[in-house]
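Report on the structure given below.
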Amino acid sequence: MVHNARIAMAQAATDRQAAHFHRLLTWAVSLLPSDARPPASAELNDTALAARSRRFDAPLHSGEDGTAARARPAPTPQARPEEVIAALRAAGTVLDADLVIAAGPVDWPALAAAHRREPFARTQRRALIARADCPDDFTAALLTPWDPRIANRLVARRQELPTSAWWPCLERIGETRPALLRHVLTGANLPEVLRSVRYLDHLVRAVNGYDHNNFPAAEAFWTAVGAVLHARLGDDPRSWYVAAQRFPLHHGTLERLIQGLGEPAKGAERPFPDLRVLLTAPAAVVVAIVAGLDDEELEQAAEDSWHGVRDQPSFRSAVTPRLHAAGVPRRALFARWAALYGSSADCLWLYGLDDRLDERLVRQADHDQALRRGLAALGRPLPLSLDLVAELRPCTDSVAAQAVLDGACGDAATPWPELVRAHATEPLPLPVLYTLTARPGFPDVLAQELPGSTRFYWSTHGPAAARSALSDVGDAFMSDHVIHRVRASGVLDDESVVAAIRPASAALRHGYEQPRDTAGRDAWRTVCAQLVRRAADRGGPGLWRVLAERLPDCEGTLPELLAEAAAEAGAG
């Protein structure tokens, strides 16, 4: 029995792979001219690959016992509004209700009148409020009485919400899902939200609860807080200090907070200013307040600022660059913060203040050209008359190698023949290769010497490094990351990217999986379509049978696969 189970599992895995490759070739067929698609599709669907794909897909459309699953009846357009309303009230699930109102044009006045006569239940209200064309007044009616499960389905609209939708949510801001909060706290709404919310502390707790993927929206919230406060407080350090103390814990409106800044605290306040508020103040205010706090006080202010924040690392990583931008003099404390949370590009100004930070920066300089050049520039200039290879061989890090190269030659004067010969005689240290990747003319023969597991990091440094990274993109997750990075960097055009990707299935998968609104999707389709149509013209009938046989095991590029398949089909 165990043996049979293992055989079944292995067969299922094979069929799953076949279904994947069949979908990729189906996408390739869609790139053909419209009149050429039907015969190509018929040929593809008559292959062993398609048969295994159908065997994998069959269980997805059957019940647990192997019998056909009960299909949800497709709705038919209703002629009369009362029939739609009756069908809607009879719907047992939200999906059933969605189907009822998706069957034809929706008579919103009739639905609103029916709701006034006899309010719809939660199931029906959740379906109605999710419609992007639901009128504003009806949206407000559906949110009354308040029900978080109804309000949270507003996110299904996938667009900016009208005032009628987000205004009632302000009263229960603590009960909204992060996904809905993203819609409520948009740039357009934020100033009005801040002016109108009844309890700032409830709003801050909701923002603190944002999921870890939504730091930009939370950051936009605090930026809006700073803009509103700046308009009212100007450049007065004392008012900013008190506002930063009280804002996150203020159980009242923003207006009441501002009016009471000159009064003794009537509610809770932090002993030190909240950095999320303080760092949105004018630069002169930030410098003045930070100068008045010693390291221990600043450390406590930071700890208080992140209390209850779900995504603490993202907020902490933004502190040191904002202090730098404001012109605050550097401190060893800032370097210690940056060692844990700062990004390399924002930490160069703190180099030399903390050993852990310095080690991390030198390590990250391997694949960060700007950081590497910046660190190299901090050292003493080297003389120009250097024996380049002799000076490079002892380099134990890429910063030292960058300093040697900058002292010996300019970017355009890199002696590639000499370096290639030296590497062939005795391999150059890896830090030296890492540094060379970003220099113009970096040759393919050296690019192939980069460790395969790390080529991703240098994929945007130049054409050779990009081709090297694309030549073995590995699993689906990593392949898309590499392809996106290379395309976004512009070091290779799309035609060159497609020609470099191995295996060929990764190039097809990249086109197949891109959403319709993805930038560059059409350009990728155009390049792939040219290759597929050229192969179809050369190969004629039989091309798709050959592709179905070859694609699963192909380790070459897409142009190579199509050329070989066309030649084989043409010969047959």
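Note that this is a predicted model, so its numbers are computed, not measured.
The side chain to side chain contact (heavy atoms under 4.5 Å, CB included) test applied to A121 returns Q124, not counting sequence neighbours. Take F272 and apply the ring pair (Phe, Tyr, Trp, His ring centres under 6.0 Å) test, not counting sequence neighbours, and it matches no residue. H115 is linked by a side chain to side chain donor-acceptor pair (under 3.5 Å) to nothing, counting only residues two or more places apart in sequence or in another chain. Partners of H251 according to the ring pair (Phe, Tyr, Trp, His ring centres under 6.0 Å) rule, which considers only residues two or more places apart in sequence or in another chain, are Y199, H202. Scored by the side chain to side chain donor-acceptor pair (under 3.5 Å) test, S317 finds no partners at all (sequence neighbours excluded). In this structure, A377 has no side chain to side chain contact (heavy atoms under 4.5 Å, CB included) partners at least two apart in sequence or on a different chain.
Note: W337 CH2 to T320 OG1 = 9.0 Å, rounded to the nearest 0.5 Å.
Without hydrogens or angle criteria, S398 side chain to Y434 main chain gives no donor-acceptor distance under 3.5 Å. In terms of modelled atom types and a separation under 3.5 Å, the side chain of R246 and the main chain of E269 share no donor-acceptor contact. Without hydrogens or angle criteria, Q245 side chain to R270 main chain gives a donor-acceptor distance under 3.5 Å.
Under the 4.0 Å criterion applied to side-chain N and carboxylate O atoms, R232 and E255 are assigned as salt-bridge partners. No salt bridge links R126 with D147; every basic N to acidic carboxylate O contact stays at or beyond 4.0 Å.
In this structure, C134 and R157 approach most closely via the heavy-atom pair CB-NH2, 3.4 Å. When all heavy atoms of L348 and L375 are compared, the closest pair comes out as CD1-CD2, 3.3 Å. Across every non-hydrogen atom of R372 and H367, the tightest pair is NH1-N, 4.3 Å. Between L200 and L194 the shortest heavy-atom distance is CD2-O, 4.4 Å.
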| query | What do the steps show when you test R521 against Q514 for side chain to side chain donor-acceptor pair (under 3.5 Å), and what is the final call? | reply | CA-CA 6 Å; R521 172 180 178 270; Q514 287 187 94; over 6 Å; no
